[in-house]
Protein chains: 2
Amino acid sequence: MSGAAPGVDLSRFESSLGFLLRLSQQKIFARFFATLGPLDLTPGAFTILLALRDNPGLRQGVLANALMIKRANMAKIVRALVDRGLVSRHVPEDDRRAIELNLTPEGAAFVAAREGAFFAHDDESSPELTDNERETLLGLLRKLAGTQGETP
Amino acid sequence: MSGAAPGVDLSRFESSLGFLLRLSQQKIFARFFATLGPLDLTPGAFTILLALRDNPGLRQGVLANALMIKRANMAKIVRALVDRGLVSRHVPEDDRRAIELNLTPEGAAFVAAREGAFFAHDDESSPELTDNERETLLGLLRKLAGTQGETP
DNA sequence: CGTGGATTGTTTCCATGTAGACAAAATAGC
DNA sequence: GCTATTTTGTCTACATGGAAACAATCCACG
């Protein structure tokens with residue numbers, strides 16, 4: 001159980017989805033940071049940039065819901081991205097409460113320069129699994145996360 | 001994509017293991033907190049109690065490694081559990097640096113009173129999946145997390 | 001039209017987890 | 001035996017994410 005724990009009985013957790021998800025996510029993210037540290041952004045922030053690349057003008061709250069990021073936290077991350085000149089804000093005429101987000105030219109360049117490494121690393125992030133197993137896992141996670149079947 | 005995000009194109013992430021793991025874990029944990037809030041402990045801390053129930057006298061660092069919790073954080077959680085009277089510490093004679101952990105009688109009662117609800121909730125935590133799919137997912141996550149095949 | 005309720009993003013405070021530094025103890029190597 | 005290195009747990013400073021409260025704005029309803 002948890003490869004590095006000889007002699008520790010964690011068998012009770014082997015059927016716990018919550019536990020296994022946490023462990024798996026931790027493992028994948030640790031690999032991310034070990035390899036892509038120089039990305040200069042957390043995976044979450046980079047995901048936001050990617051989402052804006054594909055969805056220009058998206059409202060902040062809509063993006064937060066889509067990525068399951070809380071509004072308070074999204075405000076902070078967006079603030080940081082704006083301060084870095086990667087994202088720009090615009091208040092739409094039809095809703096003075098809202099904020100629409102776009103990548104700046106610098107933001108677009110930032111994403112273009114790093115996207116390849118980001119996804120290449122993700123593709124190689126599960127050497128424990130065969131390609132077939134990985135695809136199966138992705139499919140099940142999509143279903144669990146509610147991402148399956150929706151199209152833009 | 002992410003059921004609640006009509007009109008947002010997140011298709012680029014549908015093959016991202018890191019993203020899907022984070023989303024899934026978030027979803028499962030949100031369900032945990034919504035249902036088992038009165039558990040009075042984070043899932044992680046409860047997991048520690050369960051692990052100690054099954055592994056009495058385990059060394060703190062060994063437990064931290066097994067559960068992929070950083071030493072600094074483990075020290076804090078254990079401190080809190082000790083302060084609550086759920087866990088006791090003992091310095092072993094053969095290594096004065098180390099600390100062995102055990103459940104107190106209160107700790108054991110705490111676990112016994114809540115374990116059923118904890119795992120029952122976990123068993124019901126993925127209504128999006130069939131039983132078969134859930135078993136497949138568990139198997140793949142065990143493989144990914146490196147928990148497969150090891151026995152006490 | 002006016003009011004109550006809902007929505008949107010922000011801020012502050014809090015909780016949780018980590019990096020790095022440290023001291024004490026144990027181990028490895030000569 | 002001695003010294004350098006590693007291990008173990010703790011503490012501090014920091015980072016990250018969330019809850020709650022709030023103001024501004026929008027919407028629903030009478």
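The chains referred to below are lettered A, B, ... by the order of the sequence lines, with proteins before strands, and numbering in each begins at 1.
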May I have the distance from [X] (atom [atom1]) to [N] (atom [atom2]), rounded to whole angstrom?
X      : N      : atom1 : atom2 : result
A:I77  : D:dG18 : CD1   : C1'   : 12 Å
B:R96  : C:dT27 : CZ    : C1'   : 17 Å
A:I69  : D:dA19 : CD1   : C1'   : 17 Å
A:K76  : C:dG9  : NZ    : P     : 16 Å
B:K70  : D:dA13 : NZ    : C1'   : 16 Å
B:E100 : D:dG9  : CD    : C1'   : 14 Å

Ring-face cation contact, A:F19 with A:R12, 6.0 Å cut, 45° max: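 Checked: cation-pi criterion not met.
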
Among [options], which nucleotide has an atom closest to any side-chain atom of [X]?
X     : options                : result
B:T42 : C:dT16, C:dT8, C:dT11  : C:dT16
A:R71 : D:dT10, D:dT25, C:dG9  : C:dG9
B:A72 : C:dG9, D:dC26, C:dA19  : C:dA19
B:R79 : D:dT25, D:dC11, D:dT8  : D:dC11
B:D95 : C:dA25, D:dG18, D:dT25 : C:dA25
B:N73 : D:dT25, C:dT18, D:dT6  : C:dT18

For B:S15 against A:R134, the heavy-atom pair lying closest together: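 Heavy atoms of B:S15 and A:R134 come nearest at O-NH2, 3.6 Å.
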
Over 12 non-hydrogen atoms of neighbours within 6.0 angstrom of CG in B:D83: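 Yes.
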
Is there a donor-acceptor pair under 3.5 Å between the side chain of [X] and the backbone N or O of [Y]?
X      : Y      : result
A:Q26  : B:M68  : yes
B:H121 : B:R31  : yes
B:K143 : A:L129 : no

Residues in contact with DNA chain C, drawn from residues 86-94 of chain A - heavy-atom cutoff 4.0 Å: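 A:R89 - these, ordered by number, are the residues of the stretch whose heavy atoms sit under 4.0 Å from the strand.
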
Check against side chain to side chain donor-acceptor pair (under 3.5 Å), B:T130 and B:N132: CA-CA 5 Å; B:T130 65; B:N132 214 34; 5.7 Å; no

